[in-house]
Amino acid sequence: MFAALGLIISVSWVAWGFLPMLAILLTTLIFGTIGYILDILGYSLNQLKNNILERLGE
């Protein structure tokens, strides 16, 4: 796992430079954490979509 992470970081660094690579990694980490927390709380995109479509259909 860490080898794959190291490969992704090194390729990103060469391809985009340090600051954009850092921004991409931080954004991924932040949204991944938000998704993990929402998953623990029981939120689902399918459930949210169904609720919105049900309200629009009324």
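We're numbering straight along the sequence, starting at 1.
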Side-chain atoms of residues 36-43: list all donor-acceptor pairs with protein atoms under 3.5 Å, sequence neighbours left out, distances to 0.1 Å.
none

Please list every donor-acceptor pair under 3.5 Å in which a side-chain atom of residues 19-30 meets a protein atom from a residue at least two apart or in another chain.
residue: Thr27; atom: OG1; partner: Ala23; partner atom: O; Å: 2.7
residue: Thr28; atom: OG1; partner: Ile24; partner atom: O; Å: 2.8

Query raised in the report: Would you say Ile34 has more than 12 foreign heavy atoms packed within less than 6.0 Å of its CD1?
Result: yes

Requested in this report: Please answer: with hydrophobic residues joined when any side-chain heavy atoms are less than 4.5 Å apart, are Phe18 and Ile8 in the same cluster?
Outcome: no

